[in-house]
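Reviewing the structure listed below.
Whatever order the structure lists ligands and atoms in, that order sets their numbers, starting from 1.
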Amino acid sequence: MPLLRIAIPAPFYHGFDYLIPSDWDIGPLVPGIRLRVPFGKREAIGILTEIIESTPTLKPLKPAIAFLDTEPVFTPTLMKLARFASQYYHYPLGEVFNSILPGLLRKGKAAYCKSLPTTTIGLGEQFASYALNDAQQTAINSVGSSLSEFKIFLLNGVTGSGKTEVYLHIIDKVIKANKQALILVPEIGLTPQILARFQQRFHVPIAALHSGMTERERLDAWLLAKQGRIPIIIGTRSALFTPLLNPGVIIIDEEHDVSFKQQEGFRYHARDLAIVRARMENIPILLGSATPSLESLHNIATARYHLLNLPARAGSAEHPHFHLIDIRNQTLENGLSKLLLNNMEKHLAQNGQILLFLNRRGFAPVWFCHACSWTASCDRCDVKLTYHQQPPSLLCHHCGATRPIPHQCPKCQSHHLYPLGLGTQRIEQTLAKYFPNVGIVRIDRDSTRRKGALHSMLETIHSGENKILIGTQMIAKGHHFPEVTLVAILDADTGLFSADFRATERVAQLLLQVAGRAGRAERAGEVYLQTHNPQHPLLLHLIEHGYMAFAKAALLERKNADLPPYNYAALFRAEAVNAQAPLKFLQELRDLAHVYPTNAVTILGPVPALIERRAGRYRAHLLLLAKERAPLHLLLNQLLTRLSQLPTSKRIRWGLDVDPMEVI
Ligand code: ADP
Ligand code: ZN
Ligand code: ZN
């Protein structure tokens with residue numbers, strides 16, 4: 001008698017087997033449908049993965065309760081992709097399905113679509129007036145001639161070189177062939193501007209998947225895409241799992257962006273899984289970036305990816321000029337050097353706009369006692385509290401805790417306390433003093449909390465009402481500021497000396513992203529970097545020879561240190577309220593690895609995390625490195641089958657991060 005094997009959203013690495021009730025018709029019981037089943041003392045909704053002939057389970061099986069679908073909610077490729085992801089990231093299949101499914105399907109609602117795919121029909125203005133340049137044409141032809149085969153392309157071009165234009169032309173080819181295009185953008189890349197550009201170009205339904213959607217909208221988009229009725233799907237990380245009837249191409253914009261990696265639970269990398277999906281669908285995939293990840297550049301070097309270069313800026317826009325400002329021994333006006341202030345005046349006089357970048361919100365990162373050098377720190381985290389002026393409070397940027405500002409030092413009773421260091425609020429205040437007649441706007445997480453605030457602030461820049469924009473990394477990506485002629489990075493040193501081996505790569509990418517905001521139209525931009533480390537090899541490489549030269553040097557460093565992409569990494573993370581438990585657990589795990597001796601895997605740690613205590617919990621790491629994937633994954637499988645038997649395992653929260661993006 002056939003049995004049902006079902007993946008259930010629960011922390012188990014195997015499926016669960018059930019009987020088919022005798023009055024059921026077996027016809028609709030195909031892999032990919034949802035079933036309601038008894039599970040322990042409760043009921044659960046799981047996904048049918050197989051019909052099997054016999055079970056290894058010794059306990060008597062229970063019958064399933066109901067089937068919720070008459071056809072699969074997943075396409076066959078998505079089923080395969082989920083299975084691959086479950087194995088690769090060592091995350092339970094039922095949990096993988098659960099993270100992919102739209103909320104309403106997860107809750108057992110009918111897979112029924114309410115709206116028609118007409119809500120976001122584009123205006124269809126068709127193509128722009130300018131002619132494509134040769135490099136763009138070559139890129140479009142290369143991808144266009146591989147539309148029915150799996151091939152990985154990397155489109156490398158600085159900001160403003162016309163990458164989006166290339167995407168639009170490729171998408172045009174794809175939808176003319178009656179196929180669907182899936183476009184993934186970083187978390188903050190899905191701006192109204194980008195969307196408007198797509199809508200202007202195409203006269204077809206476009207689904208934009210973003211965090212502000214209702215569950216109903218999300219389900220409708222999912223179902224319509226699955227029926228092939230939405231030709232263009234654009235969204236952030238999780239849009240990768242949109243089912244497609246006629247997939248034609250996958251495009252990943254800003255492929256180096258860390259937001260493609262999910263940082264909790266099912267820790268997948270959307271770019272990496274997109275490549276797996278493209279192979280399964282037998283379609284091309286195009287990765288685009290001005291600052292490609294070192295992984296992707298390594299894959300170019302080993303000929304796994306095909307490189308497409310867009311060397312020049314499209315149209316007449318020119319590259320920005322870089323200047324390092326050595327701020328050692330300089331008196332700064334609240335973080336602004338004389339040289340910078342003078343140049344700001346010059347640009348303002350010529351009616352240019354200015355963008356100042358400081359990746360630190362709040363007024364000052366430290367509240368300091370002048371008498372005894374006490375600083376305010378979080379009770380629950382190993383970090384200092386940030387001083388905020390509006391509203392006045394001390395805030396922990398890691399756990400969100402707020403405290404009133406003490407005006408007497410708790411250690412020495414002195415009243416001489418003041419804010420130390422720079423935040424965006426402080427810069428805004430300083431600027432208002434220096435440029436009293438110039439419109440200034442600050443964009444960071446605090447100033448944009450209200451719905452619609454970001455949009456209206458950006459509008460004040462586009463309209464010319466405000467001339468100076470000060471912001472955090474919220475302004476680094478996606479936005480176009482055609483009238484900005486001066487960009488300044490107020491503190492280019494942050495991240496230069498981090499313990500994370502990816503930190504320098506991130507710094508280089510961020511600096512270039514910010515610089516790329518300047519001079520996008522007819523006016524060349526100038527970029528100023530204030531630094532205490534004007535001799536830093538990374539900064540010099542980047543500024544004098546560009547990102548590719550930097551990347552080459554950085555890859556050589558990685559190679560010499562046996563780090564990714566020359567090695568594969570997996571990181572066990574553990575945390576607990578008890579300070580010793582995470583380290584103890586990871587040591588037990590490390591000892592367990594001795595049971596499975598292998599020379600192919602190097603184990604480093606356990607070590608406390610860089611910020612060891614966060615929101616009252618202590619954190620530690622164990623890093624595994626291997627030259628080949630196979631022995632690493634074999635060892636991970638072996639460890640995971642026995643992990644729950646380790647004495648400390650019950651007392652800690654743990655997670656496994658395959659190909660971790662942050663190891664601090
Ligand atoms: P990227 O995505 O690389 O930042 P875009 O595709 O957004 O670049 O192009 C930057 C600007 O240049 C846009 O305003 C776009 O309309 C324009 N553009 C793109 N290609 C050309 C071209 N061949 N000639 C003139 N302008 C172009
Ligand atoms: Zn004191
Ligand atoms: Zn805290």
Side-chain angles (χ1 to χ4, degrees), residues 125 127-140 155-171 183 185-186 189 191 193-194 196-198 200-201 251-255 286-292 308-319 366-386 393-403 406-418 420 476-483 512-513 515-522 611-617 619:
E125 277 176 15
F127 283 92
S129 50
Y130 47 74
L132 295 166
N133 60 41
D134 287 350
Q136 285 174 316
Q137 197 60 63
T138 305
I140 294 163
L155 182 63
N156 174 226
V158 298
T159 332
S161 62
K163 293 186 296 297
T164 311
E165 198 55 45
V166 170
Y167 303 157
L168 293 170
H169 279 264
I170 292 167
I171 294 166
I183 302 107
V185 296
T191 59
Q193 287 168 357
I194 300 271
R197 204 158 152 198
F198 274 75
Q200 269 163 22
R201 199 56 73 82
I251 294 172
I252 316 276
D253 190 28
E254 313 281 8
E255 63 86 25
L286 177 62
L287 316 177
S289 179
T291 52
L308 302 168
N309 269 315
L310 294 185
R313 281 202 154 188
S316 57
E318 284 183 39
H319 285 290
V366 180
W367 183 242
F368 179 74
C369 170
H370 191 54
C372 78
S373 72
W374 170 86
T375 56
S377 51
C378 181
D379 302 332
R380 309 172 65 222
C381 308
D382 293 333
V383 297
K384 301 202 186 313
L385 293 170
T386 302
S393 60
L394 296 179
L395 200 82
C396 175
H397 286 185
H398 289 270
C399 72
T402 54
R403 275 214 278 141
H407 291 284
Q408 186 173 22
C409 175
K411 209 169 130 201
C412 75
Q413 272 68 51
S414 157
H415 285 272
H416 201 163
L417 299 176
Y418 60 84
L420 192 70
K477 301 171 202 174
H479 309 290
H480 298 200
F481 303 110
E483 300 302 320
L512 288 191
Q513 293 277 345
R517 303 301 106 205
R520 292 185 52 101
E522 282 62 45
I611 298 176
E612 187 178 10
R613 198 168 47 110
R614 216 172 196 170
R617 305 177 71 89
R619 303 148 61 228

Has [X] got any heavy atom lying under 4.0 angstrom from an atom of ligand 1?
X	answer
Leu310	no
Ala131	yes
Gly157	no

Round to 10° and report the angle made at the Zn ion (ligand 3) by SG of Cys399 and SG of Cys381.
->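 Roughly 110°, rounded to 10°.
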For the atoms SG of Cys396 and SG of Cys378, give the angle they form at the Zn ion (ligand 3), rounded to 10 degrees.
-> 110°
[X] side chain near [Y] side chain, heavy-atom distance below 4.5 Å:
X	Y	value
Tyr167	Asp253	yes
Glu254	Gln513	yes
Pro406	Leu394	yes
Cys412	Trp374	no
Leu286	Leu308	yes

Measuring from the Zn ion (ligand 2), count protein N/O/S atoms under 2.8 Å, please.
-> 4
Got a sec: is His397 within less than 2.8 Å of the Zn ion (ligand 3) via an N/O/S atom?
-> no
Look at His398 and state whether any of its N, O or S atoms is less than 2.8 Å from the Zn ion (ligand 3).
->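 Here the distance criterion (N, O or S atom, under 2.8 Å) is not met by His398, so no.
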Partners of Thr386 by side-chain contact (heavy atoms from CB on, under 4.5 Å), sequence neighbours excluded?
-> His388, His397
Who pairs with Asp382 by salt bridge (Lys or Arg N to Asp or Glu O under 4.0 Å), at least two apart in sequence or on another chain?
->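 Only Arg613 meet the salt bridge (Lys or Arg N to Asp or Glu O under 4.0 Å) criterion with Asp382.
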Pairing residues for Arg617 by the salt bridge (Lys or Arg N to Asp or Glu O under 4.0 Å) criterion, not counting sequence neighbours |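 Listed in chain order: Glu575.
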Within reach of ligand 1, part of [X] (heavy-atom separation under 4.0 Å):
X	answer
Arg197	side chain
Leu132	backbone
Ala290	neither

Has the side chain of Lys163 got a donor or acceptor atom that lies under 3.5 Å from a matching backbone atom of Leu155?
-> no
Spell out, as yes or no, whether a donor-acceptor pair under 3.5 Å connects the side chain of Gln136 to the backbone of Asn133.
-> yes
Look at the rings of His370 and Tyr418 and say which category their plane angle falls in: under 30° parallel, 30 to 60° tilted, over 60° perpendicular.
-> tilted
Numbered atoms and elements of ligand 1 in range of Asn133, under 4.0 angstrom, heavy atoms =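 Within the 4.0 Å cut-off of Asn133, ligand 1 contributes 23 (N).
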Should you measure from each heavy atom of Val158, which atoms of ligand 1 turn up under 4.0 Å away?
->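 Within the 4.0 Å cut-off of Val158, ligand 1 contributes 3 (O).
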Walk me through it: do Arg403 and Asp379 pass the test side chain to side chain contact (heavy atoms under 4.5 Å, CB included)?
-> CA-CA 10 Å; Arg403 275 214 278 141; Asp379 302 332; 4.1 Å; yes
Nearest to atom 3 (O) of ligand 1 by heavy atom, Lys163, Glu165, Gln136: which?
->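 Result: the heavy atom closest to atom 3 (O) of ligand 1 is in Lys163.
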